[in-house]
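A short worksheet on the structure shown next.
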Amino acid sequence: MSCNENLVRVGTRKSPLAMVQTNTVVQRLQDIFPDKEFEIIPMSTTGDNILDTALAKIGEKSLFTKELELCLQKGEVDFVVHSFKDLPTTLPPGLVIGTVYKRDDEHDAVVMHPKHKGKTLETLPKGSVVGTSSLRRIAQLQRKFPHLIYSDIRGNLNTRFKKLDEGDKYDCIVLAVAGLERMGWSHRIDQKLLPNTCMYAVSQGALAIECRGNDKATLQMLSTLSDYESSLRCVAERAFLKTLEGGCSVPVCVHTEIWKNQMYIRGGVFSLDGKEGYVDSNMKDLPSDDEPPRKKRASMREDGFLCVVPTGYDPEAFARAEEAGIELAQKIIKAGGGEMLQLIKAKMAADIIAEKTRKEALRKVAEASTVNVTADACC
Ligand code: DPM
């Protein structure tokens, strides 16, 4: 905490989408706590700086979050606002998700090049190019739309729109509806992809607010924003991902709903070429008021509920959501997904090493040519 008791410092990425998200959260808090003063501190992250490499080949889990988390651990900021889907399932020691902010539309959407306005993935001509660097989207869409070509696209949302509209490389791009809506670009959505076509990413559309686990004042302030259904769905989805991935990014997709008092989760994992895949579902009763009295759960594990603090809610509901996700992952692993995941992890590790070797070679070539230039200049 700073010397000014009323000052709250908020960390965020610098990208326009991250700034919009952080401003929304800060505005809500400012309305609830008019005496507080909020200072927003924007930062660049590794993911923002490396633009020439596909995300999966960078080989770093906390691409969009590491620098922000360091500031949080050092006490330079009081909380950080993240797109929840960019946050790894394991947090650094001492950090927690103080609040899951109400989830926006969790689906993906197709944005067409202006020349294809009104078309859908079904009606795009054969050989049209779909821009996305999400292995999850490629794996699912390739199966449904084998007549299309899938090509990597990087950069923030603004850059991607520019690449789509001003070039002739891409016929359409696929993006999260939530990001498009927050940026005021809903009018560019040509097709929304529902889970029967393309299941979404774990915690897509939700915002996570991360803070220090021992910072009671911040936790209390953040608890005013938390959303029960969004929290439970994200806990179930993240438990599913964590059980599957074991420390490596793999193409995983999900679909969750809470009906009456039941948690429903469907999810899948795909091979990198999208040819092999395992999809299954699970249901779990959530605690209800008329339930017979039960024993309290034994003490909470350090990373219980995927580091989401259940402030104000029944922790039993969080525990059951977590179990729903873990059980689904175990079903999929047992059905054969486990072996496929081992292969994916080996392939990804090899790709990461190859990419590092390529960059190192390029660096050496660049170094050698600088040396030559200097030598020439001497002569
Ligand atoms: C992650 C993925 C992407 C982002 C992978 C995935 C998309 C990468 C790409 C984990 N993070 O979804 O399978 O399209 O090349 C990201 C976006 C948002 C948060 C943008 C987007 C905004 C929506 C939200 C990037 N992270 O997916 O269009 O709050 O969920």
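Atoms within a ligand are numbered from 1 in the order they appear, just like the ligands themselves. These numbers come from a predicted model, not from an experiment.
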May I ask you to decide whether [X] forms a salt bridge with [Y], counting only side-chain N to carboxylate O separations under 4.0 Å?
{"X": "R358", "Y": "E355", "result": "yes"}
{"X": "K66", "Y": "E69", "result": "no"}
{"X": "D105", "Y": "K192", "result": "yes"}
{"X": "K356", "Y": "E360", "result": "no"}
{"X": "E316", "Y": "R320", "result": "yes"}

Check: What part of L175 sits under 4.0 Å from ligand 1 if we count only heavy atoms: the side chain, the backbone, both or neither?
Finding: both

Check: Heavy atom under 4.0 Å from ligand 1: found in M183's side chain, backbone, both, or neither?
Finding: neither

Checklist line | Non-hydrogen atom of R154 closer than 4.0 Å to ligand 1 | finding: no

Please determine if [X] has a nitrogen or oxygen closer than 3.5 Å to a nitrogen or oxygen of ligand 1.
{"X": "L17", "result": "no"}
{"X": "R160", "result": "yes"}
{"X": "A176", "result": "yes"}

Next item on the list: Sort and list the pairs that fulfil salt bridge (Lys or Arg N to Asp or Glu O under 4.0 Å) and have at least one residue in residues 175-185, not counting sequence neighbours.
Entry: D104-R182

Margin query: Test of understanding: with side chain to side chain contact (heavy atoms under 4.5 Å, CB included), list the residues that count as partners of P146, not counting sequence neighbours.
Written below: none

Which of the numbered atoms in ligand 1 are under 4.0 angstrom from any heavy atom belonging to [X]?
{"X": "R136", "answer": "6 (C), 12 (O), 13 (O)"}
{"X": "R182", "answer": "24 (C), 29 (O)"}
{"X": "A201", "answer": "12 (O)"}
{"X": "G205", "answer": "24 (C), 29 (O), 30 (O)"}

Note to self: Working to the nearest 0.5 angstrom, can you tell me the gap between K144 NZ and E122 CD?
What the structure shows: 9.5 Å

Margin query: Nearest non-hydrogen contact with atom 15 (O) of ligand 1 belongs to which option: A109, P251, S133, A208?
Written below: S133

